[in-house]
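We name chains A, B, ... by the order of the sequence lines, and we start the count at 1 in each one.
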Amino acid sequence: MATKKRYWLVKSEPDVFSYADLVASKNSTTLWDGVRNYQARNTMRDDMKVGDLVLYYHSNTKPPGVVGVAEVVREGYPDPTQFDPNDSHFDPKAKVEDPTWIVVDVRAKAELPEYVPLDALKANAKLAEMAVIQRGQRLSVQPVSAAHFREVLRMGGLKAADLG
DNA sequence: GCCAACGTTGGC
DNA sequence: GCCAACGTTGGC
C-alpha cells in the first residue's frame with residue numbers, strides 16, 4: 001500500500017548548485033549531499049520517500065526564492081562525501097559501517113514558469129506558517145504542508161495536475 | 001560586508 | 001550538564 005505523498009523544501013545556493021545545474025545533471029538527478037545538520041539528516045533518512053515532491057529554493061542570492069520542483073527518486077543512503085578526505089564535507093568521525101550522514105536522490109521535475117521570491121511568500125497570508133519564511137529558519141531540508149505546496153505552485157504558475 | 005539566529009563544541 | 005565561544009547560515 002502506497003503511503004501518502006509528502007512535500008519538502010530544499011535550499012541551495014545557486015552559485016554552488018542551482019536548479020539549472022540539477023536540470024543539466026545526468027538524468028536531471030543528483031544526490032543531495034553535504035547536509036551536516038542532524039534534523040535535516042533525519043528527514044532524509046526517515047521521511048523522504050520516492051515520489052515525494054520538493055520545492056527547490058535558491059538561498060543566498062538576490063532575490064532568494066522558489067525556482068522549481070523536484071521529485072525524490074531514491075531514498076536515504078550514506079552520503080559518500082563524508083568518507084572522502086578530499087571533499088569539503090569530509091567527516092573524520094564517520095564510519096563506513098555506521099555512516100553519520102545520509103542523502104536522497106532528487107530529480108528535476110518542473111521549473112516554475114514564474115519565479116516565486118521570498119518577498120512574495122512572506123506577503124501571502126496563506127503561507128504565514130510556512131517554515132521557510134520564519135525568522136532564523138536555517139534548515140536546508142524542511143517539510144512543507146500539502147496546502148502550502150499547492151499555493152506555492154499556484155504562485156509560480158503551475159497546477160498540481162501539471163506535475164502528473 | 002554586516003550581523004542576527006542558531007547549532008555545535010569544549011572547558012569546567 | 002551548563003553555558004560561553006565559535007562557526008555557519010542566509011537575509012539584507
State which residues pass side chain to side chain donor-acceptor pair (under 3.5 Å) with A/Ser18; sequence neighbours excluded, sorted by chain then number.
->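 A/Ser18 satisfies side chain to side chain donor-acceptor pair (under 3.5 Å) with A/Asp21 only.
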Could you list the residues that satisfy side chain to side chain donor-acceptor pair (under 3.5 Å) with A/Glu71, not counting sequence neighbours?
->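 A/Glu71: side chain to side chain donor-acceptor pair (under 3.5 Å) contacts with A/Lys109.
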Round to a whole Å and report the spacing from NZ of A/Lys122 to C1' of C/dC12.
->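 Distance, rounded to whole Å: 9 Å.
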For residues 123-130 of chain A, which side-chain N or O atoms pair as donor and acceptor with protein atoms under 3.5 Å away, sequence neighbours left out?
| residue | atom | partner | partner atom | Å |
| --- | --- | --- | --- | --- |
| A/Asn124 | OD1 | A/Lys126 | N | 2.8 |
| A/Asn124 | ND2 | A/Glu151 | OE2 | 2.7 |

Report the end-to-end axis angle of the helix from B/dG1-C/dC12 to B/dC12-C/dG1; each axis comes from five terminal pairs, and the value is rounded to 10°.
->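 One end axis against the other gives 10°.
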How many angstroms lie between atom CH2 of A/Trp8 and atom CG of A/Leu139, to the nearest 0.5 angstrom?
->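 Between atom CH2 of A/Trp8 and atom CG of A/Leu139 there are 11.0 Å.
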B/S/- along nucleotides 4-9 of chain C (protein heavy atoms under 4.0 Å) is ---BBB
Closest nucleotide of DNA chain B for A/Asn37 versus for A/Lys62: which of these residues is on the 5' side?
->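 It is A/Lys62 whose nearest nucleotide is closer to the 5' end.
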Near-strand residues of residues 14-23 of chain A, defined as heavy-atom separation under 4.0 angstrom from DNA chain B =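 Nucleic-acid contacts, sorted: none.
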Other residues, nucleotides, ligands: >12 heavy atoms within 6.0 Å of A/Gln39 CD =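 At most 12 heavy atoms, drawn from other residues, nucleotides or ligands, come within 6.0 Å of this atom.
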Take atom CZ in A/Arg41; do more than 12 heavy atoms of anything else shown fall under 6.0 Å from it?
->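 More than 12 heavy atoms, drawn from other residues, nucleotides or ligands, come within 6.0 Å of this atom.
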Using the ring of each side chain (for Trp, its six-membered ring), is A/Tyr56 parallel, tilted or perpendicular to A/Tyr19, with breaks at 30° and 60°?
->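 Answer is perpendicular, since the angle exceeds 60°.
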Is the backbone N or O of A/Arg107 less than 3.5 Å from a side-chain atom of A/Thr29, with the two atoms forming a donor-acceptor pair by type?
->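 Checking the backbone N and O of A/Arg107 against the side chain of A/Thr29, no donor-acceptor pair under 3.5 Å is found.
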For A/Thr81 and A/Arg36, test the side chains for any donor-to-acceptor distance below 3.5 angstrom and give the result as yes or no.
->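 The criterion, which ignores hydrogens and geometry beyond distance, is satisfied for A/Arg36 and A/Thr81.
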Establish, yes or no, whether a centroid distance under 6.0 Å links the rings of A/Tyr38 and A/Trp101.
->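 Ring-ring flag for A/Tyr38/A/Trp101: true, centres closer than 6.0 Å.
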